[in-house]
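Side chains are part of it too, since the values below use all heavy atoms of this structure and drop only hydrogens, waters and symmetry mates. Both ligands and their constituent atoms are indexed starting at 1 by order of listing. Predicted model only: the values in this text are computed from it and were never measured.
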Amino acid sequence: MQIKNVGVIGCGLMGSGIAQVAATAGFHVTVLEAEQAFLDKGFRGIERSLAKFAEKGTITEKPETILARLKGTTSIDDLAGSDIFIEAIVENVPEKHKMYIALDGVAKKDAIFATNTSSISVTELMAVTRRPERFIGLHFFNPVPLMKLVEVVRTIATSEEVFEAAVAFATKLEKVPVRTTDSSGFIVNRLLVPYLLDAIRAYEEGVGSIEDIDNAMKLGCGYPMGPFTLLDFVGLDTCYYITHVMFEEFKEKRFAAPPLLKRMVMAGWYGRKTGKGFYDYADPAKPVVSKNL
Ligand code: 3HC
């Protein structure tokens with residue numbers, strides 16, 4: 001199975017990162033967005049990231065050579081030649097279903113469909129398509145250009161050939177693929193989410209301050225970010241959504257959102273993207289712990 005042309009659906013943080021790494025690896029990439037403004041924003045991020053890599057000498061080609069393999073579009077018909085589609089749109093089942101039905105209308109018969117969902121059942125997404133055996137999960141991590149891992153997720157319907165083609169594709173992107181099954185949260189979020197929620201519970205129970213819990217895990221365990229910095233980085237709205245899906249699946253307390261997380265999301269404190277979460281990013285270079293938590 002030859003993969004040459006890649007279709008990416010969504011040019012947000014994840015979609016643009018996926019498009020960037022695919023183009024960097026030599027694939028021809030077409031990115032679909034609902035509006036030109038979203039494409040422009042995503043492409044500006046890609047240009048910034050490629051410029052940074054060029055400055056550091058971590059890419060062998062010039063940024064403009066890589067960018068020449070990338071095309072943005074608002075017309076789904078432009079994706080018809082894609083050998084693999086990677087969907088990275090909003091985590092909303094009806095929206096994703098609508099997209100897959102539309103893609104099935106333009107895609108080649110043997111094209112692979114992949115979802116970058118972090119917690120929605122891959123099987124549930126696959127169910128509306130005409131290609132259950134050619135449907136997989138490819139879960140990338142934020143920031144995509146820097147994080148080496150990709151979780152390759154199979155459902156009970158995925159063919160062996162497609163699964164192995166997806167593993168080989170992830171390797172070509174210079175990522176390290178891990179194989180996993182369609183269980184909510186896959187490997188990383190299955191372990192990461194209870195840890196992040198426990199950090200909030202520890203804070204709620206007065207075990208330590210936000211800064212001390214962050215420093216404890218950073219300096220005591222060698223994690224690149226403490227749990228509260230990571231929660232703000234991933235987005236509290238995203239984390240809250242993931243906990244909801246995982247709790248629904250497992251009905252276990254360790255996946256239940258602590259009240260503080262729920263309240264912060266209700267207040268619109270989503271973390272870095274809104275300028276406020278566990279930390280206040282009024283000065284992004286010097287975040288301080290948010291007041292009143
Ligand atoms: N492209 C190119 N370069 C980038 C970049 C990007 N997108 N983002 C950051 N960089 C560069 C920075 O500019 C910086 O360059 P410099 O050394 O020249 O200043 C360099 O990378 C290092 O960045 P920082 O100095 O800002 O900070 P760190 O050294 O801490 O590295 C990090 C940043 C790689 C994000 C590191 O903090 C990290 O690994 N954090 C944990 C991230 C993580 O756990 N992600 C997974 C989240 S879970 C997830 O995504 C799953 C989902 O389902 C929820």
Any idea which part of [X] is under 4.0 Å from ligand 1, heavy-atom wise: side chain, backbone, both or neither?
{"X": "Asn142", "result": "both"}
{"X": "Phe140", "result": "neither"}
{"X": "Leu230", "result": "side chain"}

Which option wins on minimum heavy-atom distance to [atom]: [options]?
{"atom": "atom 39 (O) of ligand 1", "options": "Ala51, Ser118, Ala54, Pro224", "result": "Pro224"}
{"atom": "atom 7 (N) of ligand 1", "options": "Ser119, Gly17, Ser16, Ser49", "result": "Ser49"}
{"atom": "atom 20 (C) of ligand 1", "options": "Gln20, Lys56, Lys148", "result": "Lys56"}

*Which residue, Thr158, Thr155, Asp182, forms the side chain to side chain donor-acceptor pair (under 3.5 Å) with Thr123?*
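Among the candidates, only Asp182 passes.
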*Is it true that Glu55 lies under 4.0 Å from ligand 1, counting heavy atoms only?*
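Outside the 4.0 Å threshold, so no.
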*Among the heavy atoms of Thr238, does any lie under 4.0 Å from an atom of ligand 1?*
no
*To which protein heavy atom is atom 5 (C) of ligand 1 closest, and what is the distance rounded to 0.1 Å?*
Leu146 CD1, 3.7 Å
*Please write out which residues are connected to Met266 in a hydrophobic cluster, directly or through intermediates, given that two of Ile, Leu, Val, Met, Phe, Trp, Tyr count as joined at side-chain heavy-atom separations below 4.5 angstrom.*
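Joined to Met266, directly or through intermediates: none.
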*asked:* Can you see whether Phe27 has Arg69 sitting over its ring - NZ or CZ less than 6.0 Å from the centre and within 45° of the normal?
replied: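 Pair Arg69/Phe27 does not count as cation-pi.
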*Within 45° of the ring axis of Phe233 and under 6.0 Å from its six-membered ring centre, is that where the NZ or CZ of Arg272 lies?*
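No.
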*Salt-bridged, Asp110 to Arg134, with N to O below 4.0 Å?*
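Result for this pair is no, no salt bridge flagged.
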